[in-house]
Structures are given as structure tokens and as C-alpha cells.
Amino acid sequence: MTHYLLVANWKMNGLAGDIDEAIRIADGCTHPNHQVVICPPAPLLSRMSTILDHENVHLGGQDCHSSKSGAHTGDHSAQMLADAGANYVILGHSERRAFHHETSELINLKAQAAWQAGLTVIICVGESESERLEGRETEIVGDQLSANIPVPESGKGRLVVAYEPVWAIGTGRVAEKAEIANMHQFIFQFCQRHLASEDSIPILYGGSVNATNAVDIFSVPHVSGALVGGASLKAKTFNPIFHSLPN
Ligand code: 13P
């Protein structure tokens with residue numbers, strides 16, 4: 001049976017009162033083979049981790065610094081995320097690449113720190129609308145992947161790739177099934193070239209995923225789940241996506 005992964009990226013949303021929502025997500029998303037990762041804002045992580053005790057629900061951070069500790073006001077390290085109860089971290093989200101000027105090289109330094117701290121890294125890749133219009137989408141995604149793959153020994157078995165076309169994030173525009181299929185095939189082949197045959201890297205799709213389009217998206221080859229933004233904030237909109245995963 002295929003294992004799927006559904007990741008809730010709460011972005012900069014959620015206060016202590018919203019932990020109840022995470023409990024409703026965890027209670028409503030049980031399946032022997034599918035996993036859920038909730039990535040709340042960092043200040044909620046430790047409180048959530050003391051409350052959530054579900055076997056198939058994990059917690060993740062949304063970013064980390066590349067150093068273990070030091071004079072980096074406002075930042076947090078991968079070790080701190082792990083200490084607060086996280087098992088995963090999202091790195092290289094397009095909002096961080098755009099608003100914090102993160103390069104693929106910096107994202108790789110963060111990934112190495114995260115692997116050292118024992119976290120599983122979810123690396124986000126994706127082209128902008130103009131890059132797609134210029135026909136450069138695989139070149140862009142290939143460059144973003146090249147900075148992070150091959151995976152060092154410390155990260156073996158602990159990398160997830162999330163393909164999020166920038167133009168589909170928060171816009172209500174979902175990529176066509178054929179566009180998702182082509183890019184996931186490209187990422188799958190890219191990973192295969194750099195992996196031992198027994199390893200595989202889950203490839204998530206992200207960008208305006210909701211309960212209406214989820215079944216279609218999950219039917220595309222090499223889609224191992226989704227990275228969900230807006231629809232992940234409420235159990236009412238997130239749990240039906242989980243229940244759209246193939247059995
Ligand atoms: P939306 O699901 O709100 O489009 O966000 C996608 C995303 O950026 C998840 O990381």
C-alpha cells in the first residue's frame with residue numbers, strides 16, 4: 001500500500017486558541033499508512049507537542065537557521081525546533097525565497113543543519129509564472145534541486161520535495177493535471193539519478209489544494225501527498241483533503 005504525506009503549513013497564522021483546531025485535525029486524520037505533519041508558527045510548537053499525542057501526526061517548523069546557536073536575533077535553530085517537538089522542517093518556501101532573499105545555497109546549509117538535528121527536511125521548489133511562460137520551469141526546478149541533491153549521509157531517508165508553482169500559491173489557480181504530471185515525473189527522474197535504488201523521495205504538490213481538487217491531484221503519478229496552506233488552517237477544510245488520499 002502506498003504511503004502518503006499531507007503537510008499543513010499554517011504560515012504566520014495561529015494563536016494558542018487554535019491548538020484546538022490542530023487537535024481536530026489530528027483526531028480526524030487517522031489512517032494506518034498516511035502521515036500528517038502540522039507546521040504551526042514556531043511559538044506554538046512546544047505547546048502543541050505536549051497536547052498532540054497521535055501516532056501518525058507529526059509537527060514541523062517552517063524555517064530554521066543554518067547555525068546551531070549564536071548571535072542571530074530573531075532566528076531559531078533546527079535543534080531548537082527538534083527540542084520543541086518538531087520532526088520536520090519546511091525549507092526554501094517560495095515566500096522565504098522571495099521575502100527573505102533565500103538562495104538555494106543557503107537553503108542547503110539550513111538543510112544540513114536540520115539533518116544534523118535529526119529533522120526530516122521538506123524542500124520547496126517551484127517556478128514563477130513568468131519562468132513558466134518562458135518555458136524555463138524544469139530548468140528552474142532542476143537548479144533548485146541540484147543545490148540539495150544528492151543528499152549527504154546525515155540526511156539519508158529524510159528528504160521530502162514539495163513542488164509548489166509560485167503562481168498557484170494562495171491564488172486559487174491549480175496547475176493542470178498534465179503540468180503536475182510532467183513536473184513530478186521530472187523531479188522523480190532527477191531524484192532517481194542521485195539515489196541508491198532502494199531509496200525514494202516523496203514528492204508533494206502544493207498550491208491551492210482543497211477538498212474539491214484533491215482527488216484529481218492525488219491521482220497523478222509520482223504525487224505522494226500535498227503541502228497545504230490556506231485549507232490547512234481548519235479541520236473542516238483540511239480533513240476532507242486527507243480523506244481524499246487514495247487508500
Ligand atoms: P495555499 O494552499 O494557500 O495555496 O498555499 C500553498 C503553500 O504555500 C503551502 O506551503
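First listed ligand is number 1; within each ligand, the first listed atom is number 1. The figures here come from the full heavy-atom set of this structure, side chains too, leaving out hydrogens, waters and symmetry mates.
Classified by interplanar angle (parallel below 30°, tilted 30° to 60°, perpendicular above 60°), the ring pair His31/His34 is parallel.
Under the 4.0 Å criterion applied to side-chain N and carboxylate O atoms, Glu21 and Arg24 are assigned as salt-bridge partners.
Tested against Asp63 for a side chain to side chain donor-acceptor pair (under 3.5 Å), the candidates His93, Arg96, His76 yield a single pass: Arg96.
Considering backbone and side-chain N/O atoms, Val228 never comes within less than 3.5 Å of an N/O atom of ligand 1. Distances between N or O atoms of Glu95 and those of ligand 1 include no value under 3.5 Å. An N or O contact shorter than 3.5 Å links Gly170 to ligand 1 by distance.
Near Ser208, the atoms of ligand 1 lying under 4.0 angstrom from a non-hydrogen atom of the residue are 1 (P), 2 (O), 4 (O).
Heavy atoms of Ala231 come nearer than 4.0 angstrom to ligand 1 in no pair at all.
Other residues, nucleotides and ligands contribute only 12 or fewer heavy atoms inside 6.0 Å of the CD atom of Glu55.
Among protein heavy atoms, atom 3 (O) of ligand 1 sits closest to Gly230 N, 2.8 Å. Protein heavy atom closest to atom 2 (O) of ligand 1, with residue, atom name and distance, is Gly229 N, 2.9 Å.
Distance alone, capped at 3.5 Å, places no donor-acceptor pair between the His54 side chain and the Asn56 backbone.
The ring of Phe188 has its center no closer than 6.0 angstrom to the ring center of His184.
Residue Asn9 touches ligand 1 through its side chain alone, judged by heavy-atom distances below 4.0 Å.
For atom 6 (C) of ligand 1, the candidate residues are Glu164, His93, Gln62; the nearest heavy-atom contact is made by Glu164.
In this structure, the side chains of Thr138 and Met183 come closer than 4.5 Å at one or more pairs of heavy atoms.
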